[in-house]
Structures are given as C-alpha cells and as structure tokens.
Number of protein chains: 2
Amino acid sequence: MTRPKLPAPPSASPPKAPAPTPVQLMDQLAQAAALYYRNFAAVAAERDLTLMQGKMLSLLRRPMPMRALADLLACDASNVTGIVDRLGARGLVRREADPSDRRVKMVMLTEEGEETVRQIRSELMSNLTGLESLGEEDRHAFQRLLSQVLPAVST
Amino acid sequence: MTRPKLPAPPSASPPKAPAPTPVQLMDQLAQAAALYYRNFAAVAAERDLTLMQGKMLSLLRRPMPMRALADLLACDASNVTGIVDRLGARGLVRREADPSDRRVKMVMLTEEGEETVRQIRSELMSNLTGLESLGEEDRHAFQRLLSQVLPAVST
DNA sequence: CTCAATGGTTGAGTAGGTCAAGTATTCTCG
DNA sequence: CGAGAATACTTGACCTACTCAACCATTGAG
C-alpha cells in the first residue's frame with residue numbers, strides 16, 4: 001500500500017494505484033457477467049429450473065406474446081415454444097389467446113409462477129450482498145457506469 | 001432536471017436524481033450481463049463458434065488440463081471433452097499429454113486458435129466503446145464497484 | 001502392493017438452439 | 001371484396017451443451 005513514485009495522474013485527489021486499462025476492465029466485466037449468471041443458474045437450479053427457464057419467468061412481469069419473449073431473449077420463436085411448453089407442464093406459466101389478434105398467444109405467470117419469481121428474486125438479492133453495502137453515491141456511480149458501458153435496452 | 005424538494009441526502013455535493021435502490025441495480029446488472037453475453041455470442045458466431053466455444057478459447061491464455069477448464073467453466077468434466085473435441089476438429093486447439101502425470105491432458109491453442117482469440121478480443125473491445133470513453137477516475141471507480149459487488153475469482 | 005483417489009472418456013438422456021416448412025390469422029391494396 | 005404478402009406460432013430435423021453413471025488408466029497413500 002505504499003505510494004508508488006509515478007508521475008502524478010492528471011486528476012485524482014488521493015493518489016491511488018494506476019488506473020486499470022480498458023482491456024483489463026473488459027476482462028473484469030467478463031468475470032462479473034460470468035459470476036452473475038453462475039449465481040442465477042444456481043438459484044434457478046435449486047427450484048429445478050434451467051437458466052433459460054429462470055430468465056423467462058423473470059421476464060414475465062406482465063403477460064406477453066411469445067414473439068416478445070423471443071425478442072427479449074434474443075432467440076428464435078420456435079425456441080420459446082419449447083421453453084413455455086416445459087414451464088407450462090410444470091404449472092408455472094400458461095398461454096391465453098389474445099382476443100384482439102387470434103394469431104397471438106399471451107404467456108403469463110400462474111400464481112405458482114409468481115411465487116417462484118418472488119423467491120428467485122429475493123434469493124438473488126440476498127446473494128448480492130455487495131449491492132446492499134453500497135452508499136447512495138456508489139449506487140449512483142454504479143448505475144451511471146453500467147449504463148455508459150452497457151447501454152440497457154428498454155424493457 | 002429541476003431540483004426536487006427532498007430532504008437533503010447525507011453526502012453528495014451536486015444534488016442529483018434519487019439514488020437507485022439495490023433491487024433496481026440488480027435488474028440493471030441483469031441487463032448488463034445479458035447484453036455482454038449477447039455481444040460475446042454475436043462476435044463468436046461470426047466465426048461459427050458457439051458461446052461456450054468462444055469462452056473456452058478465451059480462457060486458454062496458457063495450456064491447461066481439461067480438469068482446470070471444467071472448473072473455470074463451472075461444468076462437468078465430460079462436458080469439456082466434447083467442446084475440446086469440436087474445437088480440436090476445427091484445428092483451434094489440441095491436446096497434449098502431460099509428461100509429469102500421464103492421466104492429464106493439456107489443452108492448448110494452435111496458431112489458428114491464437115489468432116482467433118486475438119480477433120475475438122479485439123472485436124469485443126471495439127464493441128465496448130463505452131469502456132474507452134471512461135476517464136481514469138471512472139475506470140478506478142468501475143473496477144472497485146465491480147469487484148465489490150461481484151468479487152472476481154482468481155484466474 | 002493393494003486400494004482409494006484423480007483425470008479423462010463414453011453413452012444415455014434432456015434442454016436449448018437454429019433452420020425450413022406448415023397452419024392460421026391479419027394486413028394491404030388493387 | 002378478395003388475392004397475396006406478412007405475421008404469430010408450431011413442428012420436425014439436426015446440432016451443441018449439459019448432467020449423470022459407468023468405465024479405464026494412472027497416481028498416490030498406507
């Protein structure tokens with residue numbers, strides 16, 4: 001932790017270790033993303049759900065056409081058919097015809113599905129203790145940095 | 001952007017929008033992770049590689065036993081066999097016996113594999129323009145926040 | 001030297017993924 | 001209106017990824 005004798009950086013009030021390069025940050029981002037999904041998959045697995053099944057449940061905050069799910073999951077529509085089938089067979093979601101366009105099938109959570117999503121989200125949150133420990137300043141900064149580096153898509 | 005009449009937050013020099021809640025941050029994190037992998041998968045797909053194949057190539061900075069790959073990818077060893085088989089069939093990696101322990105097979109990139117990894121990494125980087133745009137301060141902050149929220153595993 | 005532990009592969013079974021083809025419905029426009 | 005394009009979804013074929021149990025080869029411990 002001793003102060004290195006580097007040429008003073010342009011900004012920075014308290015001199016710190018050299019700033020990570022963008023490439024290093026990319027690698028850290030890769031690790032963070034991997035870690036996030038590993039955690040998510042583990043939480044889903046406790047309920048005998050795969051990663052994709054968990055993801056889909058989490059997306060279903062409101063009823064949604066199959067097509068919309070395919071777009072959100074960035075996969076083929078035929079893929080969604082299978083996943084919804086399996087979730088449906090377990091009573092976590094159901095399909096309902098859209099009266100205004102009979103081509104469309106709306107997918108929605110059942111009661112049990114809602115409950116499962118609640119459980120998953122709360123367990124996810126409880127595994128991300130690092131998030132709780134951030135102060136207001138840090139939460140602001142994190143939000144800003146994330147949306148600057150990985151501009152979120154509208155949900 | 002007008003100043004809201006909230007009770008002044010404890011810290012903060014310039015008053016801003018209300019800080020995101022930990023739960024909101026979790027959702028944003030989910031989106032960021034999804035976006036990162038969507039990008040990664042797209043870059044890999046351009047070279048006819050799956051996400052996992054791309055990941056594995058990227059991990060092979062140095063020769064590594066199958067076992068180590070399984071640990072890094074957090075999957076079953078038998079899984080690695082298949083992936084390495086397919087990458088091997090395309091000439092991107094090869095297996096070599098470890099002389100010091102003949103049970104072990106070291107997996108390593110071929111020349112073509114090295115080149116592919118270089119290409120993937122550089123294209124990934126060029127898609128993450130947001131990273132390049134961060135100043136020293138922000139890079140520091142991002143690194144700190146990421147490792148606080150998602151403590152990285154040693155590579 | 002025997003036996004347990006370790007590294008890797010194989011085979012069976014499921015899920016996720018794409019693509020092409022097919023059905024049903026809606027939209028467009030002459 | 002009515003024919004044809006476009007859209008939503010499903011199905012079937014085919015591959016990758018993933019897990020589990022069983023298996024072989026080698027190593028390590030007693």
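Within every chain, numbering begins at 1; the chains are lettered A, B, ... in the order of the sequence lines, protein sequences first and strands thereafter.
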To the nearest Å, how far apart are [X] [atom1] and [N] [atom2]?
| X | N | atom1 | atom2 | answer |
| --- | --- | --- | --- | --- |
| Lys105(A) | dA24(C) | NZ | P | 12 Å |
| Arg103(A) | dT26(C) | CZ | C1' | 4 Å |
| Arg95(A) | dC9(D) | CZ | P | 9 Å |
| Leu51(A) | dG17(C) | CG | C1' | 13 Å |
| Arg86(B) | dT10(C) | CZ | P | 12 Å |
| Asp76(A) | dC15(D) | CG | P | 17 Å |
| Arg94(B) | dG8(C) | CZ | P | 16 Å |
| Asn79(B) | dT9(C) | CG | C1' | 13 Å |

DNA chain C: 5'-proximal contact among Val80(B) and Ala77(A) (nearest heavy atom) =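 Closest to the 5' end, via its nearest nucleotide, is Val80(B).
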Report the residue (Ser100(A) or Ile83(A)) whose heavy-atom-nearest nucleotide on DNA chain C is the more 5′ of the two.
->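 Nearest nucleotide further toward 5': that of Ile83(A).
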May I ask you to verify whether the side chain of Ser78(B) and the base of dC20(D) hold a donor-acceptor pair under 3.5 Å?
->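 Indeed there is one.
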dT25(C) base / Arg102(A) side chain donor-acceptor hit below 3.5 Å =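 No, the side chain and the base share no sub-3.5 Å donor-acceptor pair.
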Run the salt-bridge test on Asp48(A) and Arg90(A) with the 4.0 Å N-O cut-off and return the result as yes or no.
->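 No, no charged N to carboxylate O under 4.0 Å.
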Taking 4.0 angstrom as the limit, do Glu114(A) and Arg61(A) come out as a salt bridge?
->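 No, Glu114(A) and Arg61(A) are not salt-bridged.
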Worked verdict on Leu49(A) versus Ile120(A) for side-chain contact (heavy atoms from CB on, under 4.5 Å) = CA-CA 10 Å; Leu49(A) 294 169; Ile120(A) 290 179; 4.0 Å; yes
Of all the nucleotides listed (dC9(D), dT19(D), dT9(C)), which has the minimum atom distance to the side chain of Met66(B)?
->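 Nearest to the side-chain atoms of Met66(B), counting from C-beta on, is dT9(C).
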Arg139(A) (side chain) donor-acceptor with Ala19(B) (main chain) under 3.5 angstrom |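 No, the answer is negative, given that no donor and acceptor are paired below the 3.5 Å cut-off.
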